[in-house]
Protein chains: 2
Amino acid sequence: MTGPMYRRIAEDLRGQLESGLILPGTRLPTELELRDRYGAARNTIREAIRLLTHQGLVETMPGRGTFAVQRLEPFVTTLSAGPLPAAPELGLSGGEGESAFAEIRSRGRSPHASAPKVSVQLAADHVAARLRVLPGTQVVSRRQERYIDDMPWSLQTSYYPFEFVTMGATDLVRAESIPVGAASYLEQRLGLVQVGYRERLLVRQPTKDEARFFGLPDDGRISVVTLVRTSYRASKAGPVPFRVTFTVLPADRNQLVVDSGAVPDELATPALA
Amino acid sequence: MTGPMYRRIAEDLRGQLESGLILPGTRLPTELELRDRYGAARNTIREAIRLLTHQGLVETMPGRGTFAVQRLEPFVTTLSAGPLPAAPELGLSGGEGESAFAEIRSRGRSPHASAPKVSVQLAADHVAARLRVLPGTQVVSRRQERYIDDMPWSLQTSYYPFEFVTMGATDLVRAESIPVGAASYLEQRLGLVQVGYRERLLVRQPTKDEARFFGLPDDGRISVVTLVRTSYRASKAGPVPFRVTFTVLPADRNQLVVDSGAVPDELATPALA
DNA sequence: GCAAATTTGTTCGTATGTATT
DNA sequence: CAATACATACGAACAAATTTG
């Protein structure tokens, strides 16, 4: 009973949404109907709906109406599954060839990816810093769009020193997937052995491009998780980075899992709360 | 030049914010000044500011004004640092006693935590499922508020089967920190050995309580990362969960790192982009 | 394919309330 | 207490997107 009217209206509607009185995917009453029902101005109704929108409970479509959101079934990605040689990277976070796709299919979901968009660029600062090269150095960029059950799932861009191409790893600049995975390919061609990687996670607002690709609202209501994976090879002076991969995942349809030591190998099921 | 006026105004202001023309922490012109400057209605100015607010670029305070947000220095937490015995949990994500705090101090930041709030509860569904007990079973809950440089940093709640107390681990229900860490304590008292853990990350809107504690807006603009850590002990039938910990971290001041294999042990520095 | 009806989006103007200085 | 600044609320008009006839 306390607080501004638009909040009380939002609370009332939220109750109807959470109690199942308004089912996911169905349309809410129109703004004019709600205005009459609550005896408020249309603008006040719009404030209430805006609040629910920013809380991710409803979404509005011009000319159509306001709809209760469908809960997406989150997809679970495993980040590290113990020591390196024992377990290949799962779930595509590392994107190592076809094995990752097989993992996803085994969970009854169907993945596919666009052909990589390959380009040679001058390294931006955040790429150069991670590859430990000077900004402006030539790097190969490989970008892929990934889908699960035809739903946009992740955007992934990897960067390699262009040097690798001149040394003989010419498939890096071909616009098609490397079936064995890029890490294995580099090992075969250049004898370059991956000894570890570091993954950094940050949460931020989507860019305009990302919002368009994932079908997210362009006002930053839904965050994306950025996974920065730096892969290292051995050298006399210690581990040296040879690749950096940026994976962008929308937070409304993804969960991440990190295992350490002995854990049950049950199928990863999404967690609430 | 395209689109609604409030978006063009927001774009213009955003440019001034990003170019440094308006410095972080300083006040923007008042709504009435902006109304005159852009020749728009005050409501239109408010729409523009609302957009920037939801993008996390500015924040408004009644009676004071609208301010460019201070970029928080993100704190980096390491989730898993290789095999279990080799590296203790860092950065408090596991919250194992004083060693975690020492790690933070070594990075030149000063951590502290509230005394744990201990209570005995009936296990909610999401707790019961992870501990593999029946919903409604008695569990011990230990809740702590954690700060870095006096800034609210994380909320952490751990659940243990109440059985552990009757078996002799009575310190679990004392409202003070367990200096050696709860895992070591349970090993000393009950001979219970942790063999692994699984961490699940999800991103969601903060609850009202979380928003108040972290000083976040209550309309869900800034997400929180929930870290669900299930700790396992050995048994003849395989790993069995003995503790579940929920850690809530606001996404605007935290980054997470996962290492695997050999990586440089440089100090964790925040990453942009 | 077009026109009308429906529904949300944008913009204006105005008045009053609440928090801070 | 007064002035300032943002918050809430009302009413109105037209625009843009979509569906329907």
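So that the names make sense, note that chain A is the first sequence line, chain B the second, and so on, each numbered from 1.
For B:Arg35 against C:dG13, no side-chain N or O and base N or O form a donor-acceptor pair under 3.5 Å.
Among D:dC10, C:dG13, D:dT8, the nucleotide with an atom closest to any side-chain atom of A:Ala41 is D:dC10. With D:dA9, D:dA7, C:dG9 as the choices, the nucleotide that has an atom nearest any side-chain atom of A:Glu31 turns out to be C:dG9.
Heavy-atom nearest nucleotides on DNA chain D were determined for A:Met5 and for B:Gly65, and the one closer to the 5' end corresponds to B:Gly65. For the pair A:Pro62 and A:Pro4, nearest-nucleotide mapping onto DNA chain D gives the more 5' position to A:Pro4.
Here A:Arg46 reaches the OP1 or OP2 of C:dG9: one of its side-chain N or O atoms lies under 4.0 Å away. Within the structure, a side-chain polar atom (N or O) of A:Arg64 is placed less than 4.0 Å from OP1 or OP2 of D:dT19. Neither OP1 nor OP2 of D:dA5 sits under 4.0 Å from any side-chain N or O of B:Thr66. Regarding contacts with the backbone of D:dA7, a side-chain N or O of B:Thr60 is found under 4.0 angstrom from either OP1 or OP2. At least one side-chain nitrogen or oxygen of B:Thr44 sits closer than 4.0 Å to the OP1 or OP2 atom of C:dC12. An OP1 or OP2 oxygen of C:dT7 is reached within less than 4.0 angstrom by a side-chain nitrogen or oxygen of A:Arg27.
Atom CG in A:Leu32 sits about 16 Å away from atom P in D:dC14, given to the nearest Å. The CG atom of B:Asn43 sits 12 Å away from the C1' atom of D:dG11 (whole-angstrom rounding). Across the protein-nucleic acid pair, B:Ile49 atom CD1 and D:dC6 atom P stand 7 Å apart, rounded to whole Å. Spacing between atom CZ of B:Phe67 and atom C1' of C:dT20 amounts to 10 Å, rounded to whole angstrom units. Spacing between atom CZ of B:Arg42 and atom C1' of D:dT4 amounts to 11 Å, rounded to whole angstrom units. A:Ile45 places its CD1 atom 15 Å from the P atom of D:dT8, with the value rounded to the nearest Å. Here the C1' atom of nucleotide D:dA9 and the CZ atom of A:Arg7 are 14 Å apart, to the nearest Å. With rounding to whole Å, A:Leu52 atom CG is found 14 Å from C:dT8 atom P.
Although no hydrogens or angles enter the test, the distance criterion places no donor-acceptor pair under 3.5 Å between the side chain of A:Thr26 and the main chain of A:Ile22. In terms of modelled atom types and a separation under 3.5 Å, the side chain of A:Arg8 and the main chain of A:Gly3 share a donor-acceptor contact.
Residues B:Tyr6 and B:Tyr38 keep their aromatic ring centres 6.0 Å or farther apart.
Using a 4.0 Å cut-off between a side-chain N of Lys or Arg and a carboxylate O of Asp or Glu, A:Glu33 and A:Arg37 do not qualify as a salt bridge. Of the charged side-chain nitrogens involved, at least one lies within less than 4.0 Å of a carboxylate oxygen, so that A:Glu47 and B:Arg50 count as a salt-bridged pair.
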